[in-house]
Amino acid sequence: MPELPEVEYARSLIQKKALGRRIADVDDADTWVCRPHAPGEIAAALTGATLVEAHRQGKAMWLEADGGPPLGVHLGMAGRIVVDEVRSTRGWDRFSLRFEDGGSMALRDKRRLGRVVLDPDLSRLGPDAAKVTRQEFRERVGRGRVALKARIMDQSAIAGVGNLLADEALWRARLSPMREAGSMTEAELDDLRRALRTATRRATVRGGVHTGALIPHRQTGGRCPRCGAALERDTVGGRTTWWCPVDQAQV
DNA sequence: ACCTATGTTGATAC
DNA sequence: GGTATCAACATAGG
């Protein structure tokens, strides 16, 4: 689930329900999710503090605390944020805060690929895919010999695009995922940026990348919802990729 | 039972 | 430096 729209949902949930509540206790015992911190380190830094702001850039979140360092939270491949829910009986709450009022916030993540870290390093993160300017997008995406899809999923180029959103946006822009990034014209780059913004905004409003127009058809026997051609499947940039060989013909 | 697949990212090798 | 591959985790499905 977690691509930009899901992370934005998590961020707004935290903003609505967790800000302003004083932290009474922290469970940071999962040394894999909280690496490189030792157990108790995050607890020592945040106990007694209050979350005052929830930020996001791409898929990275960080929570500002008064009386403590910022707390970086990444949902990984299967993580989500829950606030004031009963503790997972399956042990999937990998990190949690208990508030003074008795409530809680947790990173619930069965895959355990999420991360929680103090003072997160965001220096290698590109501009947010929903906010990147036209000029920045042209410069950062339209270069190199790598496949276009790999480029837009490169978080240091632009931040927030995952496997599903990439397929959806490329389909909307009618561009081949295998196209060499550096071969793109400015007009094509501008189209792609617009498709990406549209797909991202729609998914955010409608509740996740799964609500995309192409996504439900990414399966054996799936057909292009626009022209009806059989979708093709292959690995591009190391990820399973579905596209319409007619609408998104390689140039 | 065994194999493959899965929304992410980071370390490593060329 | 840019790019490709594999591994980290845990589960679901054929």
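The basis for the numbers below is simple: all heavy atoms, side chains too, and nothing from hydrogens, waters or symmetry mates. A quick note: this is a predicted structure, and the numbers were derived from the prediction, not measured. Lettering of chains follows the sequences in order, A, B, ..., and the numbering in each one begins at 1.
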Please check the phosphate of [N] (OP1 and OP2 only) for any side-chain N or O of [X] closer than 4.0 Å.
{"X": "Trp92(A)", "N": "dA10(C)", "answer": "no"}
{"X": "Arg112(A)", "N": "dA10(C)", "answer": "yes"}
{"X": "His74(A)", "N": "dT8(B)", "answer": "no"}
{"X": "Lys59(A)", "N": "dT8(B)", "answer": "yes"}
{"X": "Thr240(A)", "N": "dT6(B)", "answer": "yes"}

Atom-pair distance ([atom1] on [X]; [atom2] on [N]), nearest Å:
{"X": "Gln155(A)", "N": "dT9(B)", "atom1": "CD", "atom2": "C1'", "value": "9 Å"}
{"X": "Leu125(A)", "N": "dT9(B)", "atom1": "CG", "atom2": "P", "value": "9 Å"}
{"X": "Trp32(A)", "N": "dG10(B)", "atom1": "CH2", "atom2": "P", "value": "11 Å"}
{"X": "Glu3(A)", "N": "dT6(B)", "atom1": "CD", "atom2": "P", "value": "13 Å"}
{"X": "Leu75(A)", "N": "dT9(B)", "atom1": "CG", "atom2": "C1'", "value": "13 Å"}
{"X": "Asp121(A)", "N": "dG10(B)", "atom1": "CG", "atom2": "P", "value": "10 Å"}
{"X": "Arg239(A)", "N": "dA5(B)", "atom1": "CZ", "atom2": "C1'", "value": "11 Å"}
{"X": "Asp109(A)", "N": "dC9(C)", "atom1": "CG", "atom2": "P", "value": "13 Å"}

Quick one: does [X]'s side chain have a donor or acceptor within less than 3.5 Å of a partner on [Y]'s backbone?
{"X": "Glu3(A)", "Y": "Gly208(A)", "result": "no"}
{"X": "Asn163(A)", "Y": "Thr240(A)", "result": "yes"}
{"X": "Trp32(A)", "Y": "Arg112(A)", "result": "yes"}
{"X": "Asp28(A)", "Y": "Gly40(A)", "result": "yes"}

Can you tell if the side chain of [X] reaches within under 4.5 Å of the side chain of [Y], non-hydrogen atoms only?
{"X": "Leu170(A)", "Y": "Trp243(A)", "answer": "no"}
{"X": "Val209(A)", "Y": "Glu168(A)", "answer": "no"}
{"X": "Asp93(A)", "Y": "Asp27(A)", "answer": "no"}
{"X": "Gln15(A)", "Y": "Glu53(A)", "answer": "yes"}
{"X": "Arg21(A)", "Y": "Met105(A)", "answer": "no"}

Expressed in whole Å, how much space separates the P atoms belonging to dC9(C) and dT12(B)?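 Their P atoms lie roughly 15 Å apart.
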Expressed as a whole number of Å, how far does the P atom of dT9(B) sit from that of dA12(C)?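 Result for the P pair: 23 Å, nearest Å.
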DNA chain C contacts among residues 140-152 of chain A, heavy-atom distance under 4.0 Å: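 When residues 140-152 of chain A is checked for heavy atoms under 4.0 Å from DNA chain C, the hits, listed by number, are Arg143(A), Gly144(A), Arg145(A), Val146(A), Arg151(A).
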Near-strand residues of residues 158-180 of chain A, defined as heavy-atom separation under 4.0 angstrom from DNA chain C: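 Contacts with DNA chain C under 4.0 Å: none.
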Applying a strict under-4.5 Å side-chain criterion to I, L, V, M, F, W and Y, I'd like to know whether Leu97(A) and Met61(A) cluster together.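 They do share one cluster, since a chain of ILVMFWY contacts under 4.5 Å joins Leu97(A) to Met61(A).
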Look at all strands and tell whether Gly76(A) reaches a base, only sugar-phosphate, or nothing, counting heavy atoms closer than 4.0 Å.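 The answer is sugar-phosphate, as Gly76(A) gets under 4.0 Å only of primed atoms, P, OP1 or OP2.
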Note: Arg218(A)-Asp167(A) ion pair, threshold 4.0 Å (strictly below):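 Counted as a salt bridge, because a side-chain N and a carboxylate O are separated by less than 4.0 Å.
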Looking at the side chain of Arg233(A), which of dA5(B), dC9(C), dT8(B) is the nearest nucleotide?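 Of the candidates, dA5(B) comes closest.
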Both distances under 3.5 Å, Watson-Crick or G-U wobble: on that basis, could you give the dot-bracket string for DNA chain B, with [ ] for crossing pairs and | for other-strand partners? .|||||.|||||||
Can a side-chain donor-acceptor contact be found between Ser183(A) and Arg179(A) if the only test is distance below 3.5 angstrom?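 Arg179(A) vs Ser183(A): donor-acceptor pair found between side chains.
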